[in-house]
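Have a look at the structure below, then the notes.
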Amino acid sequence: MKWAEFFTSSIGKKFVMALTGLFLVSFLVVHAGINACIWANDGGEMFNRTAHYMGSTVVIRIVEVGLFVGIFLHIIQGYVLEVQNRSKRGNIGYAMKMGTSGSTWYSKSMGLLGTILLIFLIIHWKHFFIPSRFTGVDETIIDGKPVHDLYSLMRDTFSQGWVVIVYVIGCISLAYHLLHGFLSAFRTLGLRNHRYIRIVRSLGIGFSIIVPLAFAMMPISMHFGWVN
């Protein structure tokens, strides 16, 4: 099979979904680590300093382009596979069959969960990415240099209760999306050893709980003034 035929086949689409999914998992780790700086309780200095570094470093900006490519590929391939699965075999998600372990409600609802995440992502971009890259953000001084005061933007954004609720719903959707997608991605890439499957499944469950919970606690902490 030629490469072009492979990537346009059902297996190839699943392969792309798995690779982009794992790439986005690595992004979640970095993003959660940066956002966790708000809990330094230093008035946002560590958070703003870290965000400025990430936004002004050439290598990071290049990786950012790759991130957007990965996001769009994951979304597009996900919807294509969802349509194909519904028309051919019913709603079975994009992973290879895993017996009873693949029959949970969230494994059958990856399209719905992905759609909720897409809506959440658009709202998140509107709140933070577009202002920081295009429309402008108020500045603060760190080490004698002006930097975007994203901490204050975050505080103002999460002062609105409905925004916090939307973000928490997004984080819950992310948790269930990861709960199925983490192991599914590794199986799609060829993981078959039962011992390693148990290890990856455990890691996936832990990741699916800890990372979305950390993300959800950020708007909640801001809203209730648990950070300053």
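Atom set for the values below is all heavy atoms of this structure, side chains included, hydrogens, waters and symmetry mates excluded.
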For this session: State the OG-CG distance between Ser173 and Leu178, to the nearest 0.5 angstrom.
Result: 11.0 Å
For this session: Could you check if a side-chain atom of Val166 sits within less than 4.5 angstrom of a side-chain atom of Ile119, using non-hydrogen atoms only?
Result: no
Problem set entry | Ring centres under 6.0 angstrom apart (Phe186, Tyr196) | no
Problem set entry | No-hydrogen, no-angle side-chain donor-acceptor test under 3.5 Å, Ser152 and Arg155 | yes
Exercise. What's the shortest heavy-atom distance between Ser208 and Ala175, and which atoms?
Worked result: O-CB, 3.3 Å
Problem set entry | Any side-chain heavy-atom pair of Leu174 and Phe120 under 4.5 Å | no
Exercise. Heavy-atom distance under 4.5 Å between the side chains of Ile172 and Ile116, does that happen here?
Worked result: no
Problem set entry | Nearest-0.5 Å distance, CG of residue Leu28 to CZ of residue Phe23 | 10.5 Å
Problem set entry | Nearest-0.5 Å distance that lies between atom NE2 in His74 and atom CG in Leu22 | 9.0 Å
Problem set entry | Any side-chain heavy-atom pair of Leu189 and Leu19 under 4.5 Å | yes
Exercise. Would you say the side chains of His127 and Tyr167 form a donor-acceptor pair under 3.5 Å?
Worked result: yes
Problem set entry | Heavy-atom closest contact (Gly55 atom, Arg61 atom, distance) | O-NH1, 2.9 Å
For this session: May I ask you to test the Met54-Glu64 pair for a side-chain heavy-atom distance under 4.5 Å?
Result: no
Exercise. Thinking salt bridges, do Glu139 and Lys145 make one under a 4.0 Å N-O criterion?
Worked result: no
Problem set entry | Distance, nearest 0.5 Å, that separates CZ of Phe207 from CG of Leu179 | 12.0 Å
Exercise. How long is the span from the CG atom in Asn193 to the CD1 atom in Ile199, to the nearest 0.5 Å?
Worked result: 8.0 Å
Exercise. Which heavy-atom pair separates Glu45 from Arg49 by the least distance, and what is that distance?
Worked result: OE2-NH2, 2.5 Å
For this session: Kindly indicate, with the supporting measurements, whether the criterion side-chain contact (heavy atoms from CB on, under 4.5 Å) is fulfilled by Val227 and Met222.
Result: CA-CA 6 Å; Val227 293; Met222 282 285 189; 3.8 Å; yes
Exercise. Are a donor atom and an acceptor atom from the side chains of Tyr79 and Thr115 found within less than 3.5 Å of each other?
Worked result: yes
For this session: Check the angle between the aromatic planes of Phe72 and Trp125 and answer parallel, tilted or perpendicular using the 30° and 60° thresholds.
Result: tilted
Exercise. Parallel, tilted or perpendicular: which fits the ring planes of His31 and Phe27, with parallel below 30° and perpendicular above 60°?
Worked result: parallel
Problem set entry | Considering all heavy atoms, the nearest Leu81-Lys14 contact | CD1-N, 4.0 Å
Exercise. If you take all heavy atoms of Phe47 and Ile34, which pair is closest and at what distance?
Worked result: CD1-O, 3.5 Å
Problem set entry | Contact check, side chains of Asn48 and His148, non-hydrogen atoms, under 4.5 Å | no
For this session: Would you confirm whether the ring centroid of His124 sits within less than 6.0 angstrom of the ring centroid of Phe128?
Result: yes
Exercise. More than 12 heavy atoms of other residues, nucleotides or ligands under 6.0 Å from CE of Met46: is that the case?
Worked result: no
Problem set entry | For Ala185 against Ala18, the heavy-atom pair lying closest together | O-CB, 3.5 Å
Exercise. For Phe129, does the CZ atom sit with more than 12 other heavy atoms under 6.0 Å from it, leaving out its own atoms?
Worked result: yes
Exercise. Checking side-chain contact (heavy atoms from CB on, under 4.5 Å) for the pair Gln160/His223: CA distance, chi angles, key distance, verdict?
Worked result: CA-CA 7 Å; Gln160 306 173 75; His223 183 75; over 6 Å; no
Exercise. Taking only residues two or more places apart in sequence or in another chain, which ones pass ring pair (Phe, Tyr, Trp, His ring centres under 6.0 Å) with Trp39?
Worked result: none
Exercise. Between Thr20 and Gln77, is any pair of side-chain heavy atoms under 4.5 Å apart?
Worked result: no
